[in-house]
Amino acid sequence: MKTFYITTAIDYVNGSPHLGHAYEKVLTDVIARFRRMMGDEVYFLTGTDEHGQKIQQSARARGVAPQAFVDAIAPQFQEMCNRLEISNDDFIRTTEERHKRVVCELLQQLFDKGEIYKAEYQGYYSTRQEQFLQGKGRNEDGSWPEIYGEVTEITESNYFFKLASYQQWLIDHIKANPEFILPRYRAKQVLEFLSEPLNDLCISRPKERLEWGIPLPFDPDFVTYVWFDALTNYYSAVVDKPGVWPASFHVIGKDILVPPHAVYWPIMLHACGIAIPQSILAHGWWSINGAKMSKSTGNFVEPLEFVDTYGVDALRYFLIREMSVGQDSDFSLDQFWVRYNSELANNLGNLVNRTLNMTNRFAASTVPGVGPVGDAETALKAVWEKTHAEVIPLFEEFQFNVGLERIFAFITATNAYIEQRAPWKLGKSTDPADQAILQTSLATMAEALRLGSSLLQAVIPGTVQKIHGVLGYTAGSTWMDELVWGDRLTGKSVEKTCILFPRPDKKV
RNA sequence: GGGCCUUUAGCUCAAUGGUUAGAGCAGGGGACUCAUAAUCCCUUGGUUCCGGGUUCGAAUCCCGGAGGGCCUACCA
């Protein structure tokens, strides 16, 4: 079986992680965990992008070496993964030897094949910003904006990759493989980009301008410029792991789909004779309180602070529940509280607690065996079968928001079942028939809770483990038979109480 | 300028061209007490952005328009 290999974009370490970074990690993690539960062999990669001009500048501004600078920032991203309970198998940094070696190999190979050539490039250059300027950045009167300082027209030599010669191949591939770019409507955007002739891609910077990069193997006076450095991480991380490449999914933000991931990357690989990824999944962006996220205006969410305050699963749940994958979404504390209170705390959390309580009170803390089964049990089981059958395909299509809604409908049905059986009334009866139904109802609610929470495994893994734990249960590593209604809780002894999602006034 | 996406209840979202457009939350009413003042039941709420067209039948397909977002041009 082909390994299910999934990646996030690597984050540029010129600043601290924010909500967007956190979302992409969580989304990818949910997919990875879901595939593992489905029985796939999963390999999950994330990492950091650590070269380039901005980092060189930031390091210089602080008077430290670039390596020291990135060594200080990269751990923040690793720490974020830990705190978000991201189940990545590897974390690659583009400053690692294993990465640089592969980048050089690919570049040398393409150079030897004549796919990379040297050419002169003429353009307007801002010394202050240390960058070439685009014609469109110019003012109406032809002058350049103040921030660029002195702008001069210069000629510079650089290396170029023959992108254009693969244009038709890529167009054909995208048209023949509708799964290649997801959501599908994004493929139109890529094809539109490809409807104009591609320019060859400048892949180097002279060392006088940019030192902080990977030197070209065939010309030490130049370093690699972004594309071959950053994109190659997906490949370099697994080049020595047989059976992992090609990637099944690259999960990225919609902003870096066109052109890097959908155009440069497949062409780079194809030119090297390497298989290209199966699929690229482009997600949307978060706004905050209806406005664009921005550090300068203070309109941003610090993911780790949020986790400290509200808990990792509260954040994971909200991000996945609220966002329709591919679309943009808004993050507001009000909406967060709606999800937290009504879904996590009241519907699910309270179900856990009342189940424990009743099992303690009416069955000496041990999940009883199922007695006589009536219409109520049959009906609840039918809801389960329906939920189970609907949720898996929804998750497979990344419709997590809809899937979660269905799961919570089942949780509600379980709460309703409990009302219908009213074990607290049965507990007062000495009639053996009532006692038998009591046993059945306690066993049924526990089993429903085990199953319903199991479906939440990929999204809120820590919480699900706690729920299973207080039910005296240890879940299997896949859903193969985990999701089958049964009696595996019979005889398990349960905990006294468990508050999973405390209400705000009761939080410490 | 060209292109893409989007618009469904107060809010967040569903609905292979097919009964009377559905859920959750919020609002209103009731029930219950095992439970985190929770839970359960009932209920109010719609010109599916607007205007045409195709069709036996349109939220869905076509044309035109409006609002919002985005790509075309480095940044989750």
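Within every chain, numbering begins at 1; the chains are lettered A, B, ... in the order of the sequence lines, protein sequences first and strands thereafter. Keep in mind that this is a model prediction, so the values were computed, not measured.
- The phosphate of B:U36 (OP1 or OP2) has no side-chain N or O of A:Asn346 nearer than 4.0 angstrom.
- Looking at heavy-atom distances under 4.0 Å, A:Ile256 makes contact with sugar-phosphate atoms alone, never a base.
- Rounded to an integer number of Å, the gap from CG of A:Leu257 to P of B:C4 is 16 Å.
- Nucleic acid contact class of A:Glu196 (heavy atoms, under 4.0 Å, all strands): none.
- The CH2-P distance, from A:Trp286 to B:G69, rounds to 18 Å in whole Å.
- Mapping A:Val258 and A:Tyr23 onto RNA chain B by nearest heavy atom places A:Val258 closer to the 5' end of the strand.
- When the P atom is used for both B:U7 and B:C61, the distance is 11 Å, rounded to whole Å.
- Using P as the reference atom, B:A59 and B:A21 are 9 Å apart when rounded to the nearest Å.
- Nearest to the side chain of A:Pro259, among B:U72, B:C25, B:C34, sits B:U72.
- A salt bridge links A:Arg33 to A:Asp29: one of the charged nitrogens lies within less than 4.0 Å of a carboxylate oxygen.
- Nucleotide B:C34 holds its C1' atom 9 Å from the CD atom of A:Glu419, rounded to whole Å.
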**Prompt:** Along nucleotides 11-19 of chain B, 5' to 3', which nucleotides get a B, which get an S, and which get a -, given that the test is a protein heavy-atom distance under 4.0 Å?
**Reply:** -SSS-----
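- Ion pairing between a basic and an acidic side chain is recognised when a charged N comes within 4.0 Å of a carboxylate O; A:Glu156 and A:Arg209 show such pairing.
- Under the rule for a side chain to side chain donor-acceptor pair (under 3.5 Å), the partners of A:Glu397 that lie at least two apart in sequence or sit in another chain are A:Gln399.
- A:Leu344 has its CG atom 17 Å from the P atom of B:U36, to the nearest Å.
- Every ring pair (Phe, Tyr, Trp, His ring centres under 6.0 Å) that A:Phe161 has, sequence neighbours left out, goes to A:Phe228.
- Separating the CG atom of A:Asn347 from the P atom of B:U36 is a distance of 16 Å, rounded to the nearest angstrom.
- Exactly one residue among A:Asn357, A:Leu471, A:Thr497, A:Leu449 makes a side chain to side chain contact (heavy atoms under 4.5 Å, CB included) with A:Val352. That residue is A:Leu449.
- Of all the residues in residues 178-190 of chain A, A:Tyr185, A:Lys188, A:Gln189 reach under 4.0 Å from RNA chain B with at least one non-hydrogen atom.
- The P atoms of B:U19 and B:U60 are separated by 14 Å, rounded to the nearest whole Å.
- Between the P atoms of B:G45 and B:G22, the separation comes to 14 Å (whole Å).
- Comparing B:U36, B:U39, B:C32 against the side chain of A:Arg354 picks out B:U39 as the nearest.
- Between A:Trp424 atom CH2 and B:A31 atom C1' there is a gap of 11 Å when expressed in whole angstrom units.
- Closest to the A:Ser342 side chain, of the nucleotides B:U36, B:C25, B:C75, is B:C25.
- The same atom, P, is picked in B:C13 and in B:U8; the two are 9 Å apart, to the nearest Å.
- In this structure, CG on A:Leu380 lies 12.5 Å from CG on A:Asp375, to the nearest 0.5 angstrom.
- Between A:Lys425 and A:Asp434 there is no salt bridge, since none of the side-chain N atoms of the basic residue sits less than 4.0 Å from a carboxylate O of the acidic one.
- To the nearest whole angstrom, the two P atoms, one in B:A14 and one in B:U6, are 11 Å apart.
- Side chain A:Glu192 to base B:G2: a donor-acceptor pair is found below 3.5 Å.
- A residue-by-residue look at A:Lys425 and A:Pro260 shows that A:Lys425 has its nearest nucleotide of RNA chain B further toward the 5' end.
- Taking atom CD of residue A:Glu343 and atom C1' of nucleotide B:U39, one finds them 15 Å apart after rounding to whole Å.
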**Request:** Could you walk me through whether A:Phe77 and A:Phe91 pass the ring pair (Phe, Tyr, Trp, His ring centres under 6.0 Å) test, one step at a time?
**Result:** CA-CA 10 Å; A:Phe77 284 86; A:Phe91 188 103; 7.9 Å; no
**Request:** Carefully, step by step, assess A:His173 and A:Tyr166 under the rule ring pair (Phe, Tyr, Trp, His ring centres under 6.0 Å).
**Result:** CA-CA 11 Å; A:His173 180 82; A:Tyr166 296 94; over 10 Å; no
Let me check something: any side-chain donor-acceptor pairs from residues 400-409 of chain A under 3.5 Å, sequence neighbours excluded? List them with distances.
unit_1	atom_1	unit_2	atom_2	d
A:Arg406	NH1	A:Glu390	OE1	3.3

Compile the donor-acceptor pairs under 3.5 Å between side chains in residues 317-328 of chain A and protein atoms, sequence neighbours left out, one pair per line.
unit_1	atom_1	unit_2	atom_2	d
A:Tyr317	OH	A:Glu343	OE1	2.4
A:Arg321	NE	A:Glu343	OE1	3.4
A:Glu322	OE1	A:Arg339	NE	2.8
A:Glu322	OE1	A:Arg339	NH2	3.2
A:Glu322	OE2	A:Gln335	NE2	3.0
A:Asp328	OD1	A:Lys254	NZ	3.0
A:Asp328	OD1	A:Trp285	N	2.8
A:Asp328	OD2	A:Lys254	NZ	2.9

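- With sequence neighbours excluded, the residues satisfying ring pair (Phe, Tyr, Trp, His ring centres under 6.0 Å) with A:Phe501 are A:Tyr340.
- Residues A:Glu447 and A:Lys492 are not paired through a salt bridge, judged by the lack of any N-O separation under 4.0 Å between the basic side chain and the carboxylate.
- Using a 4.0 Å heavy-atom distance criterion, A:Gly20 is classed as a base contact.
- Applying the side chain to side chain donor-acceptor pair (under 3.5 Å) test to A:Asp229 and every residue at least two apart in sequence or in another chain returns A:His51, A:His99.
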**Request:** Would you mind building the protein contact string for nucleotides 41-46 of chain B? One character per nucleotide, 5' to 3', B for base within reach (heavy atoms under 4.0 Å), S for sugar-phosphate only, - for untouched.
**Result:** ------
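- Counting any heavy atom pair closer than 4.0 Å across all strands shown, A:Phe408 reaches no nucleic acid atom.
- Secondary-structure annotation of RNA chain B gives the stems B:1-7 with B:66-72, B:10-13 with B:22-25, B:27-31 with B:39-43, B:49-53 with B:61-65, with a stem taken as at least 3 successive Watson-Crick or G-U pairs whose two distances both fall under 3.5 Å.
- When rounded to the nearest whole Å, the span between CE of A:Met358 and P of B:U36 equals 11 Å.
- Looking at heavy-atom distances under 4.0 Å, A:Ala9 makes contact with sugar-phosphate atoms alone, never a base.
- Between the C1' atoms of B:A58 and B:U48, the separation comes to 11 Å (whole Å).
- For A:Phe249, the ring pair (Phe, Tyr, Trp, His ring centres under 6.0 Å) partners two or more places apart in sequence, or in a different chain, are A:Phe4, A:Phe398.
- Base contact: A:Asn350 has a heavy atom under 4.0 Å from a base atom.
- Ring pair A:Phe331/A:Phe336 is parallel by interplanar angle, where below 30° counts as parallel and above 60° as perpendicular.
- Not counting sequence neighbours, A:Phe44 has no partner by the ring pair (Phe, Tyr, Trp, His ring centres under 6.0 Å) test.
- Using C1' as the reference atom, B:U43 and B:A23 are 15 Å apart when rounded to the nearest Å.
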